[in-house]
Amino acid sequence: MSKKNVILRGMRDGLPIGLGYFAVSFSLGIIAKQAGLTAPLGFLASLLTRASAGEYGGYSVILAHGSWFEMVVMCLVTNLRYLLMSTALTQKFHPSMNMLKRIVTGCCVTDEIFGISIAYDGYLDPEYTWAATGVAAPMWALGTALGIIAGSVFPARLVSALSVALYGMFIAIIVPPSKKDRAVMVSVLAAFAISYVSTLIPAFAAISSGTRIIILTIVISAAVAVIRPVEVKE
């Protein structure tokens with residue numbers, strides 16, 4: 001396949017991803033507005049980050065007046081899965097692909113971009129991933145910026161209603177795997193319960209919400225990994 005056709009295919013496959021991004025990031029923009037971000041700043045933040053959970057976690061730290069350290073750790077924990085995705089994607093690279101192309105392709109990885117890239121027939125042409133990202137990423141950033149603008153224009157009640165949409169997205173993310181794996185379901189329910197209980201304990205209540213989320217994420221995920229490790233199939 002010629003490079004031109006590879007790029008066109010990437011743009012074609014990236015378009016529906018971008019449309020989905022736009023809808024979700026619009027709700028994310030409402031949260032960004034509450035955190036005090038302007039539309040240009042929100043556009044830039046989303047364009048460079050492109051991670052709903054990571055951005056939401058970051059905005060939550062801002063809302064909680066957390067420290068830079070909390071921000072770094074929060075983004076590291078919530079986006080750690082991309083390290084695994086990037087590592088898996090290297091198996092699709094041709095051995096002759098240079099390091100610069102590998103790094104640029106790794107910077108393009110999101111859940112959806114990884115999905116279409118790992119399903120690519122044969123060795124992955126990096127231009128395919130770049131083209132898909134080139135279409136999807138601006139739509140994600142644009143949705144965030146427009147969400148911030150809407151948060152400034154729309155009535156307070158409507159803004160509050162729109163902000164709930166992001167929580168709906170997270171519910172849509174955790175429900176399917178919870179149905180398939182009981183360990184995931186238990187860990188999700190435990191996270192809800194322990195997170196609430198931690199706010200009632202004076203020692204934990206004194207800690208900022210950003211730090212509490214980081215601690216609970218590491219402790220609960222580590223406990224589940226030890227008690228119910230994922231079986232690796234040959």
Check: Going from OG1 on T90 to CE on M97, what distance comes out if it is rounded to the nearest 0.5 angstrom?
Finding: 10.0 Å

Next item on the list: Measure from the side-chain N and O atoms of S25 to the backbone N and O of W140, and report whether any donor-acceptor pair falls under 3.5 Å.
Entry: yes

Next item on the list: Could you check if a side-chain atom of Y82 sits within less than 4.5 angstrom of a side-chain atom of R50, using non-hydrogen atoms only?
Entry: no

Next item on the list: Could you tell me whether a side-chain N or O of Q91 sits under 3.5 Å from a main-chain N or O of A88, the two making a donor and an acceptor?
Entry: no

Margin query: I'd like to know if the side chain of K33 and the backbone of A150 have a donor-acceptor N/O pair within less than 3.5 Å.
Written below: no

Checklist line | side-chain hydrogen bond (donor to acceptor under 3.5 Å, both in side chains), paired with Y128, selected from T105, D13, T133 | finding: D13

Checklist line | Flag side-chain contact, heavy atom, 4.5 Å: M11 against L15 | finding: no

Notebook entry, point to check: Under a 4.5 Å cut-off applied to non-hydrogen side-chain atoms, are I31 and Y56 in contact?
Noted result: yes

Next item on the list: Report the distance from atom CG of L83 to atom CE of M85, rounding to the nearest 0.5 Å.
Entry: 10.5 Å

Notebook entry, point to check: Listed by chain and number, what are the side chain to side chain donor-acceptor pair (under 3.5 Å) partners of S117, not counting sequence neighbours?
Noted result: T129

Note to self: Within this structure, what is the CE-OG1 distance for the pair M139 and T144, rounded to the nearest 0.5 Å?
What the structure shows: 12.0 Å

Next item on the list: Could you tell me which non-hydrogen atom of G54 sits nearest to which non-hydrogen atom of C75, and how far apart they are?
Entry: O-SG, 4.1 Å

Check: Can you list the residues that meet the side-chain contact (heavy atoms from CB on, under 4.5 Å) rule with K180, with sequence neighbours excluded?
Finding: none

Next item on the list: Please confirm whether Y123 and F93 have ring centers closer than 6.0 angstrom.
Entry: no

Checklist line | Considering all heavy atoms, the nearest P138-V135 contact | finding: CD-O, 3.5 Å

Which donor-acceptor pairs under 3.5 Å do side chains of residues 35-42 form with protein atoms, sequence neighbours excluded?
from, atom 1, to, atom 2, distance (Å)
T38, OG1, L41, N, 3.4

Distance-only donor-acceptor pairs under 3.5 Å for side chains of residues 188-206, two or more places apart:
from, atom 1, to, atom 2, distance (Å)
S198, OG, I194, O, 3.4
S198, OG, S195, O, 2.6
T199, OG1, Y196, O, 2.5

Item checked: Residue pair V224 / V186, side-chain heavy-atom distance below 4.5 Å -> no

Next item on the list: Would you check if the side chain of N98 reaches a backbone N or O of K101 as a donor-acceptor pair within less than 3.5 Å?
Entry: yes

Check: Partners of N79 by side chain to side chain donor-acceptor pair (under 3.5 Å), sequence neighbours excluded?
Finding: none

Next item on the list: With sequence neighbours left out, write down each residue that passes side chain to side chain donor-acceptor pair (under 3.5 Å) with Y21, or none if nothing qualifies.
Entry: T110, E112

Notebook entry, point to check: Do R9 and D125 come within less than 4.5 Å of each other through their side chains, counting heavy atoms only?
Noted result: no

Next item on the list: For residues V61 and W68, determine if any side-chain heavy atom of one lies less than 4.5 Å from a side-chain heavy atom of the other.
Entry: no

Note to self: Rounded to the nearest 0.5 Å, what separates atom CE in M74 from atom OH in Y59?
What the structure shows: 13.5 Å

